[in-house]
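Worksheet: one structure, shown below.
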Amino acid sequence: MYLGKQRLEAFSDGVIAIIITVMVLEMKVPHGSDWVALRPLIPVFLSYALSFIFLGIYWSNHHHLCQAIRRVDGRTLWANLHLLFWLSLIPFVTSWVGENQFTAVPVAVYGVVLLLAAVAYYILARVLVSLHGEDSPIAIALGRDFKGKVSVVFYVVAIPLSFLRPLLACAVYVLVAVMWLIPDRRIESVLAAPGRADS
């Protein structure tokens, strides 16, 4: 049985908004009233900023996925929940990394959550391609998904690197975020192509 995509998109938007809200609430207000009081919050803010960017990337790409599909099914709903599960752990690992000033274990666990979120997104995309067919707009737009595969490789490298050079592992996470911030208009281009308006 096929379902409309609107509820999936609205639910996902709401969950991601809540995740961001929870994350910002983890940033505690300093007790002092001078600039020095903000110094301990620098690692917390940096981890928050990186996680906010990642959540923004997922929200944007999820939106584009939804624009390229016509329907969802039960598999899609579960694949989407799987993605949201890993994204919902981002506030926890973000706070842990910030509070411990980018030490090895929190940075490694942060990478594990990013890795599993990336895998979950890939699964969701493949489920949608399977549902709509290999000649569908979403299949054409995703193509070989080079950036998605490279991201997974970078995470796999960064996680063990966390135990040797935590800050270098964080630099790899930043590199992945920058790679995804570069405009990727594959889905927009496919949807704008002649004959695809009804898709």
Side-chain angles (χ1 to χ4, degrees), residues 9 12-13 15-27 41-68 79-80 82-126 141-189:
E9 189 172 13
S12 301
D13 286 351
V15 170
I16 291 173
I18 291 169
I19 291 169
I20 290 173
T21 302
V22 169
M23 198 167 63
V24 75
L25 290 175
E26 289 294 318
M27 295 179 65
L41 290 179
I42 292 174
V44 176
F45 176 77
L46 291 175
S47 61
Y48 167 79
L50 181 59
S51 294
F52 185 92
I53 290 168
F54 272 116
L55 287 168
I57 289 166
Y58 275 106
W59 176 78
S60 176
N61 286 318
H62 190 278
H63 171 74
H64 281 96
L65 280 184
C66 289
Q67 295 305 303
N80 193 66
H82 179 222
L83 171 62
L84 293 176
F85 172 79
W86 294 112
L87 293 182
S88 73
L89 291 176
I90 287 181
F92 167 73
V93 292
T94 299
S95 180
W96 197 22
V97 166
E99 291 291 335
N100 291 282
Q101 300 186 17
F102 300 94
T103 52
V105 174
V107 169
V109 174
Y110 186 86
V112 169
V113 170
L114 292 178
L115 170 64
L116 294 173
V119 170
Y121 183 85
Y122 177 81
I123 291 171
L124 174 61
R126 297 327 300 174
L142 291 174
R144 296 185 214 170
D145 194 18
F146 176 76
K147 285 205 295 190
K149 292 173 183 173
V150 169
S151 299
V152 168
V153 171
F154 281 178
Y155 292 141
V156 169
V157 169
I159 291 166
L161 182 60
S162 303
F163 296 100
L164 301 174
R165 297 283 182 86
L167 291 181
L168 192 54
C170 289
V172 175
Y173 303 151
V174 171
L175 179 62
V176 174
V178 169
M179 183 175 67
W180 281 99
L181 283 174
I182 297 170
D184 184 353
R185 296 188 171 89
R186 291 176 298 172
I187 292 179
E188 291 176 3
S189 299

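Starting from 1, each residue takes its place in the sequence as its number. Computed over heavy atoms, backbone and side chain alike; hydrogens, waters and symmetry mates excluded.
Under the 3.5 Å distance criterion, with hydrogens and angles disregarded, no donor-acceptor pair is assigned to the side chains of Trp59 and His63.
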Distance-only criterion, 3.5 Å: show the donor-acceptor pairs between side-chain atoms of residues 97-119 and protein atoms not counting sequence neighbours.
unit_1 : atom_1 : unit_2 : atom_2 : d
Asn100 : ND2    : Trp96  : O      : 2.9
Thr103 : OG1    : Asn100 : O      : 3.4
Tyr110 : OH     : Ser51  : OG     : 2.8

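The distance from the CG atom of Leu124 to the NE2 atom of His62 is 5.5 Å, given to the nearest 0.5 Å. Within the model, atoms CD1 of Ile18 and CG of Leu87 stand 13.0 Å from one another, a figure rounded to the nearest 0.5 Å. In this structure, the separation between OG on Ser151 and NZ on Lys147 is 8.0 Å, given to the nearest 0.5 Å. Taken to the nearest 0.5 Å, the OH atom of Tyr173 stands 8.5 Å off from the OH atom of Tyr155. Considering CE of Met27 and OG of Ser47, their distance stands at 8.0 Å, rounded to 0.5 Å. Interatomic distance, CD1 of Ile16 versus CG of Leu55, reported as 7.0 Å (0.5 Å rounding).
The environment of Phe163 atom CZ is dense: over 12 non-hydrogen atoms of other residues, nucleotides or ligands sit within 6.0 angstrom.
Each of Leu181, Val174, Val178 was checked for a side-chain contact (heavy atoms from CB on, under 4.5 Å) with Ile53, and the lone residue meeting it is Leu181.
At least one donor-acceptor pair closer than 3.5 Å links the side chain of Thr21 to the backbone N or O of Ala17. Under the 3.5 Å distance criterion, the side-chain polar atoms of Ser60 are left unmatched by any main-chain donor or acceptor of Ile57.
Counting heavy atoms from C-beta outward, Lys149 and Val153 have side chains that stay 4.5 Å or more apart. Between Glu26 and Thr94 the shortest side-chain heavy-atom distance does not fall below 4.5 Å. Inter-residue side-chain proximity for Val176 and Phe54 is flagged as met; some heavy-atom pair is nearer than 4.5 Å.
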Inset, instruction - Please assess Leu89 against Trp86 for the test side-chain contact (heavy atoms from CB on, under 4.5 Å), listing each intermediate value before the final yes or no. - result: CA-CA 5 Å; Leu89 291 176; Trp86 294 112; 3.7 Å; yes
Legend entry - Residues Val157, Val172; criterion side-chain contact (heavy atoms from CB on, under 4.5 Å); working and verdict: CA-CA 9 Å; Val157 169; Val172 175; 5.6 Å; no
